[in-house]
Amino acid sequence: MAAMTAGEQARFDEAMMQLALRQAEAARQAGEVPVGAVVVDSQGQVLGEGYNRTIVDADPTAHAEIVALRAAARRMSNYRLPGLSLYVTLEPCVMCMGAMLHARLARVCYGATDPKTGACGSVLDIGAVARLNHHTSFHGGVLAEPCGDILRQFFRARRAKESPL
């Protein structure tokens with residue numbers, strides 16, 4: 001397959017992020033922090049998808065990225081996922097970055113930045129650590145506004161519910 005032009009890559013990234021946003025909406029409906037992720041091949045075939053399930057599963061590792069990686073690994077019958085890309089609506093944390101690097105993903109795209117736990121440059125920049133034995137390409141800001149909006153609306157509603165007025 002020929003390499004995509006910058007415009008084609010941007011359109012592809014946005015289409016894949018829309019799929020991740022659908023997963024984020026499923027998380028919101030489940031009462032979870034609305035973060036969604038999908039693992040896709042270069043043709044856009046979804047090989048794994050997931051949303052935050054930490055509360056539902058009582059599992060601190062059940063972030064959207066981990067859920068999607070687990071599904072893709074099962075589907076591929078391999079813990080290594082070379083050549084695949086992961087799209088996630090929120091900048092990954094350190095735990096998720098470690099899993100993505102170990103999976104040998106080719107590319108990770110995220111939507112909104114996370115100024116509290118983001119590990120792609122907001123708080124830490126794990127991808128820039130030269131001593132790591134594997135490096136993955138990271139690209140942020142894909143549909144950043146809608147990805148951030150679903151989180152802002154979720155936390156606004158949660159605060160309103162908790163406010164005694």
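Quantities reported herein were computed from a predicted structural model and do not represent experimental measurements.
- Closest of all the heavy-atom pairs between Gly50 and Ala68 is N-CB, 3.9 Å.
- Other residues, nucleotides and ligands contribute more than 12 heavy atoms inside 6.0 Å of the CZ atom of Phe155.
- A donor atom on one side chain and an acceptor atom on the other are not found under 3.5 Å apart for Gln18 and Glu14.
- Applying the side chain to side chain donor-acceptor pair (under 3.5 Å) definition to pairs two or more places apart or across chains, those involving residues 110-122 are Glu91-Ser122, Asp114-Thr117.
- When the side-chain contact (heavy atoms from CB on, under 4.5 Å) test is applied to Pro146, the partners found at least two apart in sequence or on another chain are Leu21, Leu143.
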- Task: Just do the side-chain contact (heavy atoms from CB on, under 4.5 Å) check on Val40 and Val46 with the steps written out, would you?
- Result: CA-CA 4 Å; Val40 302; Val46 176; 4.0 Å; yes

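- The closest side-chain heavy-atom distance from Asp13 to Tyr87 is below 4.5 Å.
- Within the model, atoms CG of Asp149 and OG1 of Thr89 stand 12.0 Å from one another, a figure rounded to the nearest 0.5 Å.
- Heavy-atom minimum distance, His134 versus Leu101: CD2-O, 3.3 Å.
- Counting non-hydrogen atoms of neighbouring residues, nucleotides and ligands closer than 6.0 angstrom, the NE2 atom of His135 exceeds 12 such neighbours.
- Taking every heavy atom of both residues into account, Val56 and Glu32 meet most closely at N-OE2, 2.6 Å.
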- Item | Check against side-chain contact (heavy atoms from CB on, under 4.5 Å), Phe154 and Val33 | CA-CA 7 Å; Phe154 174 82; Val33 174; 4.0 Å; yes

- Item | Test side-chain contact (heavy atoms from CB on, under 4.5 Å) applied to Met97 and Val129, step by step | CA-CA 12 Å; Met97 288 288 293; Val129 178; over 6 Å; no

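- Residues satisfying the salt bridge (charged side-chain N to carboxylate O under 4.0 Å, His left out) test with Asp41, not counting sequence neighbours, are none.
- We find that Glu25 and Arg28 are joined by a salt bridge, their nearest charged nitrogen and carboxylate oxygen being less than 4.0 Å apart.
- Residue Gly111 comes nearest to Cys147 through the heavy atom pair CA-SG, 3.9 Å, listed as atom of the first residue, atom of the second, then distance.
- A 4.5 Å side-chain heavy-atom check between Cys109 and Met16 finds every atom pair outside the cut-off.
- The residues Glu49 and Arg75 are annotated as not salt-bridged, no charged nitrogen and carboxylate oxygen being separated by less than 4.0 angstrom.
- Using modelled atom types, no side-chain atom of Asn52 and backbone atom of Pro34 make a donor-acceptor pair closer than 3.5 Å.
- Within a 6.0 Å sphere centred on CZ of Arg80, heavy atoms belonging to other residues, nucleotides or ligands number more than 12.
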- Assess whether side-chain contact (heavy atoms from CB on, under 4.5 Å) is satisfied between Leu69 and Leu105, documenting all intermediate values. CA-CA 10 Å; Leu69 285 170; Leu105 291 173; 3.9 Å; yes

